[in-house]
**Q** 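Please read through the structure below; I'll follow up with questions.
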Amino acid sequence: MSGDHTSSAVSARVRSVEAFLESRGLLDDGEIDRRIDEFLAGGSPVNGARIAARAWVDPGFAERLLADANSAIRELGLTMAGGLQEQRLKVVANTVDEHNVVVCTLCSCYPIALLGPSPGWYKSEAYRSRVVRDPRGVLREFGVELPDRTRISVWDASAESRYMVVPRRPAGTEDLPEEQLAGLVTRKGLIGTAVV
Amino acid sequence: MSRINDVGGMSGFPPIAEEPDEPPFHADWEAHVLALNGALIRRGVYNLDEFRDAIERMPPEEYLAASYYERWFTAITALLVAKGVATADELDSPHG
Amino acid sequence: MAELAPGVRVRTRTTDPDGHTRLPRYARGAVGVLVEEAGVHPLADDRARGRAGAPQPVWHVRFAAADLFGAGDHTVTVELWADYLTPIEEDA
């Protein structure tokens with residue numbers, strides 16, 4: 001972790017490089033601020049929670065989601081085209097027999113245009129190095145104890161797809177409306193490091 | 001040759017640290033770095049794979065000591081020089 | 001040579017290229033099974049070297065953890081370009 005002094009030095013250097021690029025016509029005036037606003041307004045775990053809740057209440061949607069997530073999420077007015085280009089979304093669903101968990105071992109690939117920035121631990125060497133080798137141990141660190149009979153599938157986002165997990169629907173939620181179900185879904189649940 | 005970013009299966013890293021109520025960015029400049037990178041890729045100054053390559057080329061000790069967005073900024077400035085957009089001296093001089 | 005298709009067993013490239021690649025070290029020289037095609041894209045190795053690269057299929061390839069690490073009862077599914085993969089000829 002950088003101290004305040006380092007951070008202010010980096011901050012000044014970033015501003016200086018931006019000003020240089022503006023002077024060379026490679027950045028428009030106000031472009032960076034506009035892009036930051038767009039980024040912060042665009043992605044959110046709330047989008048993922050809506051997708052998961054719809055999959056819980058609508059088996060037809062769940063089937064379409066697992067087969068072709070990019071098309072299915074358009075039914076909710078969502079898109080994977082919010083970033084540099086449209087990315088393929090691969091959605092996997094947890095069941096009593098199989099638990100899915102997502103990582104990018106090579107860098108930090110994550111559906112940020114849909115779900116917002118990834119958590120710091122997702123980008124850490126600690127998580128990236130260990131979850132492919134010992135997912136049960138890593139899940140235990142997150143407080144997730146899975147029965148031995150539950151198979152674990154780790155997905156390494158090593159190419160062009162981005163991934164999202166549909167957690168298992170909690171027991172006793174049969175009567176909850178879709179909006180309240182969505183409120184149960186956490187960002188960690190969408191990565192596979194939490195149960196809901 | 002394998003680079004420091006390729007950590008899958010490696011041992012020796014510390015326990016996973018979660019930050020409660022983590023903000024999207026820990027400082028304004030981090031958001032600026034993210035937006036700057038997107039702007040330069042959209043303009044075709046470099047592509048996403050060249051950007052990843054530039055991060056991976058960091059010396060391992062620098063990579064591990066740097067924060068996430070410090071790595072990004074190191075890669076961006078390295079690519080601006082490599083692509084002939086700026087000299088290292090120009091990037092080191094104060095502007096604005 | 002067998003075609004790449006779901007269910008086909010493949011061996012991943014063993015070489016350690018000089019420069020950017022998206023075949024993680026832990027998955028090199030390993031045998032896995034093709035699960036699903038994940039689109040068609042130019043090879044990242046080419047693009048990182050400033051070359052356009054011809055688009056080629058990318059696959060979800062599933063490995064048994066025990067085949068990668070010698071231990072573990074889980075699977076790891078890695079997304080790999082066709083260039084990294086060689087189909088294994090099965091005995092008839």
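Below, each value reflects all heavy atoms present in this structure, side chains not excepted, and no hydrogens, waters or symmetry copies.
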**Q** Which one, B/M10, B/E18, B/R3, leads in non-hydrogen pairs under 4.5 Å with chain A?
**A**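 With the most close heavy-atom pairs to chain A, the winner is B/E18.
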**Q** Does B/L48 reach the side chain of A/E160, with side-chain heavy atoms less than 4.5 Å apart?
**A**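 In short, these two side chains do not touch, never coming nearer than 4.5 Å.
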**Q** What's the verdict on side chain to side chain contact (heavy atoms under 4.5 Å, CB included) for B/V33 and A/V10, showing C-alpha distance, side-chain angles and the deciding distance?
**A** CA-CA 10 Å; B/V33 166; A/V10 177; 5.9 Å; no
**Q** Shorter than 4.5 Å, heavy atoms on both sides: which option in B/S11, B/A66, B/G96, B/P24 has the most such pairs with chain A?
**A**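 Highest number of heavy-atom pairs under 4.5 Å: B/P24.
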**Q** Can you say whether B/I76 sits under 4.5 Å from chain A via the side chain, the backbone, both, or neither, judging by heavy atoms?
**A**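 Neither; nothing under 4.5 Å.
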**Q** Measure the spacing between SG of A/C107 and CG of B/D6 and express it to the nearest 0.5 Å.
**A**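 Spacing of SG (A/C107) from CG (B/D6) equals 10.5 Å.
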**Q** Which one, A/L21, A/D33, A/L27, A/L26, leads in non-hydrogen pairs under 4.5 Å with chain B?
**A**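 Of the options given, most contacts go to A/L26.
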**Q** Between B/V45 and chain A, which part of the residue has a heavy atom less than 4.5 Å away: side chain, backbone, both or neither?
**A**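 Side chain only.
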**Q** When rounded to the nearest 0.5 angstrom, what distance separates CH2 in A/W121 from CD in B/E22?
**A**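 So the gap between those two atoms works out to 10.0 Å.
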**Q** Does atom CG (A/D97) have a neighbourhood of more than 12 heavy atoms from anything else shown, all under 6.0 Å?
**A**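 Yes, the 6.0 Å shell around CG holds more than 12 heavy atoms from other groups.
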**Q** Can you check whether B/H95's main-chain N or O pairs, donor with acceptor, with A/S16's side chain at less than 3.5 Å?
**A**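 Here the side-chain-to-backbone pair exists.
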**Q** Apply side chain to side chain contact (heavy atoms under 4.5 Å, CB included) to residues B/D28 and A/R15 and explain how you reach the verdict.
**A** CA-CA 10 Å; B/D28 276 353; A/R15 299 280 178 173; 4.3 Å; yes
**Q** Between A/S118, A/S23, A/S124, A/S108, which shows the greatest number of heavy-atom pairs under 4.5 Å with chain B?
**A**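 Looking at each of A/S118, A/S23, A/S124, A/S108 in turn, A/S108 comes out on top.
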**Q** Rounded at 0.5 Å granularity, tell me how far CZ in A/R13 sits from CG in B/L91.
**A**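 Those atoms lie 6.5 Å apart.
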**Q** Report which part of B/I4 has an atom under 4.5 Å of a heavy atom belonging to chain A: side chain, backbone, both, or neither.
**A**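 For B/I4, there is no contact with chain A at all, as no heavy atom is under 4.5 Å.
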**Q** Looking at NE2 of B/H32 and CZ of A/R35, how far apart are the two atoms once the value is rounded to the nearest 0.5 Å?
**A**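 So the NE2 of B/H32 and the CZ of A/R35 are separated by 13.0 Å.
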**Q** For A/E75, does the CD atom have more than 12 heavy-atom neighbours from other residues, nucleotides or ligands under 6.0 Å away?
**A**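 Enclosed: over 12 neighbouring heavy atoms sit under 6.0 Å from CD of A/E75.
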**Q** Indicate the atoms forming the closest heavy-atom contact of A/F20 with B/A86, along with that distance.
**A**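 Closest pair (atom of A/F20, atom of B/A86, distance): CE2-CB, 3.4 Å.
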**Q** In terms of side-chain geometry, is the basic nitrogen of B/R71 or A/E125 positioned less than 4.0 Å from the acidic oxygen of its partner?
**A**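 Salt bridge: yes.
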**Q** Between CH2 of B/W29 and CD of A/E18, what distance do you get to the nearest 0.5 Å?
**A**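 Answer rounded to 0.5 Å: 12.0 Å.
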**Q** Is the closest side-chain heavy-atom distance between A/V131 and B/I16 below 4.5 Å?
**A**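 The answer is no; the side chains never approach within 4.5 Å.
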**Q** In terms of heavy-atom proximity below 4.5 Å to chain A, should B/A27 be classed as side chain, backbone, both, or neither?
**A**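 For B/A27, the contact with chain A is made by the side chain alone.
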**Q** For the interface with chain B, which of A/V138, A/V132, A/I36 has the highest count of heavy-atom pairs at distances below 4.5 Å?
**A**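 Between A/V138, A/V132, A/I36, the count favours A/I36.
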**Q** Relative to chain B, which segment of A/R34 carries a heavy atom at a distance below 4.5 Å: side chain, backbone, both, or neither?
**A**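 The answer is neither part of A/R34.
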**Q** Any side-chain to backbone donor/acceptor pair from A/R128 onto B/N5? Under 3.5 Å, distance only.
**A**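 Pair found, side chain donor or acceptor close to backbone of B/N5.
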**Q** Looking at B/R43 and A/E31, is there a salt bridge between them, counting it only when a charged N and a carboxylate O are closer than 4.0 Å?
**A**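 Yes, this pair counts.
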**Q** At a heavy-atom distance under 4.5 Å, which candidate from A/L106, A/L40, A/T105 has the highest pair count against chain B?
**A**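 Ranked by contacts with chain B, first place is A/L106.
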**Q** Looking at B/L40, B/I55, B/D92, which has the largest count of heavy-atom pairs under 4.5 Å with chain A?
**A**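 Among B/L40, B/I55, B/D92, the one with the most close pairs to chain A is B/D92.
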**Q** Can you name the nearest heavy-atom pair linking A/V17 to B/F73, along with the distance?
**A**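 The answer is CG2-CZ, 3.7 Å.
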